[in-house]
Every structure is written in C-alpha cells, then in structure tokens.
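First the structure, in the form of structure tokens, and then the observations on it.
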Amino acid sequence: LSSGDSAVIDFGPFNFKGGKSYFFECFSTLPNGVKDNSNLNDTSRILLKARLKGIYTVGGVAPDFDSLKEVEGALKEMGMCAPVTFNLRNGTYTGIKINNIFGNSEINGITFQSESLDSSKVTIEDDGNSFYVSNARSIRFNKLAFLQKSPFDYYSLRAEVHTRNIEVTSCIFDKPTGLGYASLNLIAEDSLDGNYLVKNCVFKGTANFRISANSSVRAHGRRCVVTGNYVNNGRENEISYIDSIAFIGNTTATIIIAQSNKELFIEGNKINNGNISAFCEHDSLDTEKIICNNVVNNGRLTLGNLTNVKIYHNTILSATDNIDEASLQLYGKISKQQIRNNIFVNLGKSLIYLIDDDEFNSLDHPNVFDYNTVYSPHITIQSTWNPHFWKSKFKKWEEWKSYAGQDKHSLFFMPQFLSQTDLHLLNDKRLNNSGQANAIVPFDLDNNLRNKQHPDPGAYEFNSVALPDDAGIISV
C-alpha cells in the first residue's frame, strides 16, 4: 500500500451466536515487506455482542445457558433483535428479573417454557426471589411450575410497570404454606392497550391469582381472559380495573371482578365454597354483559352497579344463615338486568334475593326476573326499593310476584340435585323444559345442546324419563 492508503480485509463468513460476546484483535506486521519502525498504531481491538434471536436451551447437558441467571445477564447486556424462546430443561431454577430489554416489543416477544413441555419437570423456586417482569412486552410462560417456598409475602410470578401482553398457560403454582400476596400477580400501571391470558393453570396449596390495573390509571382498552384454570383452595382470586374481562370455564372458590366498565363474560365456571362477585363504579348501559352456565355451590352471586347484564342458566346453592346475604345479591345502580332460567336455592335462614336499589323498578331501564326456579325455607326476598318500608321482607313467594310484578312464570320448590356436591338435576319432571327460549346460551355447562324452544333452568340440561312404579318424597 502507498502511504496514506487503506484496504478492506475480508475475513470470510462467521456465525455470530446470539447472546455471546466475541473479542477481535487485528494487527499488521512487515508492512509492504519491511520492518514497522512504530508499532504503537498497528493493532485494533473490538468487543462484539450478538443480540438474541431464535431458540435457546437452559440447563442440562451442553446448554446455551447454564442457568436463568445467565439468561437474565444476556438479555440485559445484549438485548434482542427477534422473538426469543428459552427452553428450560428438566430441573430446578431460581427466579430472575426481566426489565427494559433492548429490542423487546409486541412483535419481538420472549417465551419461557419447559423443553419437555411437561410442567411438572421444570420448577422455578421462589424463596424471596420471585420471577419479576417490568417494562416488557409479549412475555409468555408455558408449562412451568412455580414453587413458592417462603410462607411470607412474596410472589412466584409478578409482572408490572408498563408490562403488556402477558400469557401464562398450563403452569403450576404451588404455595404449600402461608397466605400473603397472590402467587400470580399481574398488574398494569398504564392505560395502554394490552392483553392478559391465564389459561389451563393449576393453583395448589394456598396459591391464588390477582390480575389488576393501577386503580388511579384504570386499564382502558386492556383485555383479560382467564379460562380453564383450577384453584385447589378457598382463597379469593381477583380481576380488577380492566375494561374487558372473560372469566370462562374455571374451577375455583371466590372470584372478585371489580371495576369492569365494558365487556364482561362470566361463563361455565364451577365455584365451590365461594362466591362470584362483580361490581363497578361507573358502568355503561351500552355494553352487554353475560353471566351464564355457572354453578356456585355453597356461595352466592353478588352484582353491584352493573347494568345491562344477562344472567341466564346459573345454578346457585347457598346455605347461609347471615340475614344480610342471599343467593343473589344486587346493589347500587341496577338496571336492564335479565335474570332468567336460573336456579336459586338457599337452605339457610337467609334470603333468595337481596335487592338494594331505590330505583330498581325504574320504567326507563326495567329489570326482568322470570322462568327461574327458586327455593328458601325461610325469608324469601328483601329489598330497599319498596316505597313504604325500608328493607321490606317478602316471606311468601306470591307476595314478591304480585308486588314487584317479577318472576311471573318462575317456580318455587326445592329441586332434586344429584348430591350436595353435584348439582346436576335428577329426573325431575317439574323442571324439565320449564325455561324460556333464548339464543344466548345454546349449550349447557357439560356442552350438551339445550332444547331450543324449552330449555331446562340452571347450568345443566337434562332429559326427564318416565319411570314406571317409582314413588318418592320431594318435599315435607
């Protein structure tokens, strides 16, 4: 080369593996075949870091990363340039923190899952160090087990601070002892669009979930779907301050749904020894809400400040002696409620209905009770909208029907359930085809097709079969 000239040297192809660092040192010797009298400027060094993309293994034999801690460091130091999946091999890991990863976006998401796709084989332990996600987009956890060893107020999995589009599917959450915070805690702290999906998860011990937006912000535009989950304890679970909520096909105890202003679907759930509670501060008449095909055993359905709700084909069995509780409780602003084809039974000393709304019988947005099957051996209904007596009590079913003009075609008697824990209906001809036709609930809780013209009340459809020479006692 002539003095002052330069040249490009091609070293050939090289495969840079994402998440790895590469150190290059280049130097020259004998320029133009002569001795270099000054070697202070003949060397150049550079450290290159390849951003992550594609699929990586964690743990086990010859992995890309030995631990989740290494994964945390690589994401923090190098960032990403495409969607990334971390396949965790069988074993036990500790939680990490994911925060503000360069290149992470709604398109470039991050997935953590078991390589074997068996949630029982990969455990992420939390002994004060939970799996924590913040300022992240499109994060997915699939077929993992989260073990919360500490009985104190820790989380197993927590996502917050401008984190959007979180999916938790087919995971196990186990908290052997203690109460404290929810094991799965998803919190939105902005009002931007985003989705939460919690699907087919199992919550063991005292584990439970909480999905919420910051109450001072309210997550307008966010959508939350919780479906197919099993919570094996009596703890409360909560979804709050999110506009659009679907709670479908879950088995759990109490579920509290608070401040849902737009779409609300509560469908096909089995609630044991707990309640369905849904309420809102500022509801809209424009958005339809559906509560159908749910079974609540030893609990109640409570709605507050919710309008335009279709409550169809639910089976609610209560056994409370608390006079301030009922199988169905309605309070606050209540209008345009359609309460049809349900079974409400209270075997305790309290109420079937408890209605706390001075404008319940408003002609502008009327409420309709009809084609229900109800029963209570004691006080039937208590309401605050009676213009003559505050908290008037209707001890007789006919008093309620004639005074309120409600439940005109409803039946009052004790249905025959299969057992105290199984609320399928026995061969009871009185209930067979006693409901009203509707297109909203074409299938029952067992996914059986309902009678289109005359469906059965409650969550389960059944076919009455005439049994010859079969006498039995149905009431005393």
Side-chain angles (χ1 to χ4, degrees), residues 199-200 202 225-231 245-253 255 263-276 288-301 309-318 327-328 338-345 368-375 407 409-468 470 472 474:
K199 181 179 181 181
N200 296 340
V202 175
V225 177
V226 178
T227 181
N229 302 286
Y230 180 79
V231 183
I245 296 174
F247 187 75
I248 300 173
N250 302 282
T251 298
T252 180
I255 175 66
E263 295 86 2
L264 176 62
F265 299 93
I266 305 175
E267 179 178 353
N269 301 287
K270 296 179 181 179
I271 310 298
N272 298 308
N273 300 310
N275 314 307
I276 297 176
E288 186 177 81
K289 304 161 189 70
I290 297 176
I291 302 176
C292 69
N293 272 350
N294 299 286
V295 169
V296 178
N297 194 347
N298 194 26
R300 60 187 183 273
L301 173 61
V309 185
K310 287 183 169 55
I311 305 172
Y312 286 5
H313 288 290
N314 300 283
T315 299
I316 313 293
L317 174 62
S318 306
S327 297
L328 174 64
Q338 297 287 319
I339 304 171
R340 304 174 186 267
N341 296 349
N342 302 283
I343 296 176
F344 297 110
V345 174
V368 177
F369 290 68
D370 212 354
Y371 292 91
N372 301 296
T373 298
V374 301
Y375 179 74
D407 280 311
H409 303 92
S410 298
L411 304 175
F412 184 87
F413 67 88
M414 177 63 193
Q416 292 180 284
F417 297 119
L418 190 61
S419 70
Q420 290 185 339
T421 57
D422 188 341
L423 300 188
H424 283 81
L425 294 170
L426 284 174
N427 187 41
D428 194 332
K429 291 193 295 185
R430 298 170 299 174
L431 289 177
N432 194 37
N433 300 336
S434 65
Q436 184 184 42
N438 69 88
I440 294 176
V441 193
F443 297 91
D444 75 351
L445 183 53
D446 289 335
N447 206 34
N448 296 314
L449 186 66
R450 290 190 179 274
N451 186 308
K452 291 184 179 181
Q453 300 301 321
H454 303 288
D456 299 327
Y460 298 110
E461 190 82 359
F462 77 103
N463 294 316
S464 176
V465 179
L467 301 177
D470 179 34
I474 60 174

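Residues: numbered from 1 along the sequence shown.
- One N or O on the side chain of Glu461 and one on the backbone of Asp456 form a donor-acceptor pair closer than 3.5 Å.
- A 4.5 Å side-chain heavy-atom check between Tyr312 and Ile290 finds every atom pair outside the cut-off.
- Between the side chain of Ser327 and the backbone N or O of Arg300 there is no donor-acceptor pair closer than 3.5 Å.
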Notebook entry, point to check: Checking side-chain contact (heavy atoms from CB on, under 4.5 Å) for the pair Ile316/Asn342: CA distance, chi angles, key distance, verdict?
Noted result: CA-CA 8 Å; Ile316 313 293; Asn342 302 283; over 6 Å; no
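- A 4.5 Å side-chain heavy-atom check between Asn250 and Ile255 finds every atom pair outside the cut-off.
- Atoms CG and CG, on Asn297 and Asn273 in that order, are 7.0 Å from each other to the nearest 0.5 Å.
- Going from atom CD1 of Ile291 over to atom NZ of Lys310 covers 12.0 Å, rounded to the nearest 0.5 Å.
- Rounding to the nearest 0.5 Å places CD of Gln416 at 11.5 Å from NZ of Lys429.
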Check: Passes side-chain contact (heavy atoms from CB on, under 4.5 Å), Phe247 versus Ile276? Steps please.
Finding: CA-CA 11 Å; Phe247 187 75; Ile276 297 176; over 6 Å; no
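- Asn229 places a side-chain N or O within 3.5 Å of a backbone atom of Asn200 that can act as its donor or acceptor partner.
- Here the shortest heavy-atom pairing between Val441 and Cys292 reads CG2-CB, 3.8 Å.
- Arg450 and Asn341 are not linked by any side-chain donor-acceptor pair at a separation below 3.5 angstrom, with hydrogens and angles left out of the test.
- Counting heavy atoms from C-beta outward, Val345 and Val374 have side chains that stay 4.5 Å or more apart.
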Next item on the list: Determine, stepwise, if the pair Asn275 / Leu301 fulfils side-chain contact (heavy atoms from CB on, under 4.5 Å).
Entry: CA-CA 6 Å; Asn275 314 307; Leu301 173 61; over 6 Å; no
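- With hydrogens and angles disregarded, a donor-acceptor distance shorter than 3.5 Å links the side chain of Thr227 to the backbone of Ile248.
- Side chain of Asn269 to backbone of Gly249: a donor-acceptor contact under 3.5 angstrom is found.
- Note: Phe412 and Tyr375 meet the aromatic proximity criterion, with ring centroids under 6.0 Å apart.
- Of the options Asn294, Leu445, Asn438, a side chain to side chain contact (heavy atoms under 4.5 Å, CB included) to His313 is made by Asn438 and by none of the others.
- Distance NE2/His424 to OG1/Thr315: 9.5 Å, rounded to 0.5 Å.
- Residues Phe462 and Leu431 have side chains in contact (heavy-atom distance under 4.5 Å, counting atoms from C-beta outward).
- Remark: side-chain polar atoms of Asp444 are paired, donor with acceptor, to backbone N or O of Asp446 under 3.5 angstrom.
- A donor-acceptor pair is defined here as one N or O able to donate and one able to accept, closer than 3.5 Å; such a pair exists between the side chain of Asn372 and the backbone of Ile339.
- Between Phe417 and Leu425, some side-chain heavy-atom pair lies under the 4.5 Å cut-off.
- Of the inter-residue distances, the one linking Phe344 atom CZ with Thr373 atom OG1 reads 10.0 Å to the nearest 0.5 angstrom.
- Of the candidates Arg340, His409, Gln436, His409 is the only one forming a side-chain hydrogen bond (donor to acceptor under 3.5 Å, both in side chains) with Asp370.
- The closest donor-acceptor contact from the side chain of Ser410 to the backbone of Tyr371 lies under 3.5 Å.
- To the nearest 0.5 Å, the span separating CG on Asp422 from OH on Tyr460 amounts to 6.5 Å.
- Side chain of Asp428 to backbone of Pro415: no donor-acceptor contact under 3.5 angstrom is found.
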Next item on the list: Go through Val296 and Asn314 one step at a time and tell me if the side-chain contact (heavy atoms from CB on, under 4.5 Å) criterion holds.
Entry: CA-CA 8 Å; Val296 178; Asn314 300 283; over 6 Å; no
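- A 4.5 Å side-chain heavy-atom check between Ile271 and Thr252 finds at least one atom pair inside the cut-off.
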